[in-house]
Amino acid sequence: MDAYKIFSSEEAAAYVRQALPEFSKKGPLRARRLAGDSRSVDGHVNEITRVEAADGSSVILKQLMRMSI
């Protein structure tokens with residue numbers, strides 16, 4: 001069974017740096033969790049994080065994971 005992990009703010013920013021190198025050129029990235037641990041009816045946990053660049057532009061990172069039983 002694969003282990004799932006919710007990203008910390010630092011891990012979310014690092015993921016965006018790696019996945020979107022052009023976005024990362026806009027300067028330091030700051031991440032802030034918007035919502036978390038929202039258990040859906042189909043057995044998933046949703047984590048939503050906003051990752052913002054120094055110029056004010058941002059991307060939304062959504063993690064959808066199976067809820068551990």
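Since this is a predicted model, take the numbers as computed values, not measurements.
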Tell me if a side-chain donor or acceptor on Gln63 pairs with a main-chain N or O of Phe7 at a distance below 3.5 Å. yes

Between [X] and [Y], which heavy-atom pair has the shortest distance, and what is it?
X     : Y     : result
Ala54 : Gly27 : CB-CA, 4.4 Å
Val51 : Ala31 : CG2-CB, 4.1 Å
Leu61 : Ala12 : CD2-CB, 3.8 Å
Val16 : Ser24 : O-OG, 3.8 Å

How long is the span from the CZ atom in Arg33 to the CD1 atom in Ile6, to the nearest 0.5 Å? 6.0 Å

One should read off an interatomic distance between Arg32 CZ and Ile48 CD1, to the nearest 0.5 angstrom, of 12.5 Å

Does OH belonging to Tyr15 count more than 12 external heavy atoms closer than 6.0 Å? no

Arg17 atom CZ, over 12 foreign heavy atoms within 6.0 Å: yes

So the ring-ring contact (aromatic ring centres under 6.0 Å, His included) pairs with at least one residue in residues 45-64 (sequence neighbours excluded) are none

Quick check: do Thr49 and Ile60 have side-chain heavy atoms less than 4.5 Å from each other? no

Would Lys26 and Ser57 count as a side chain to side chain contact (heavy atoms under 4.5 Å, CB included) here? Give the steps. CA-CA 9 Å; Lys26 297 180 178 191; Ser57 61; 3.3 Å; yes

Partners meeting salt bridge (Lys or Arg N to Asp or Glu O under 4.0 Å) with Glu22 (sequence neighbours left out): Lys25

Lys62/Glu47 ion pair, N-O < 4.0 Å: no

Tell me, please, which residues at least two apart from Arg50 pass side-chain hydrogen bond (donor to acceptor under 3.5 Å, both in side chains). Ser58

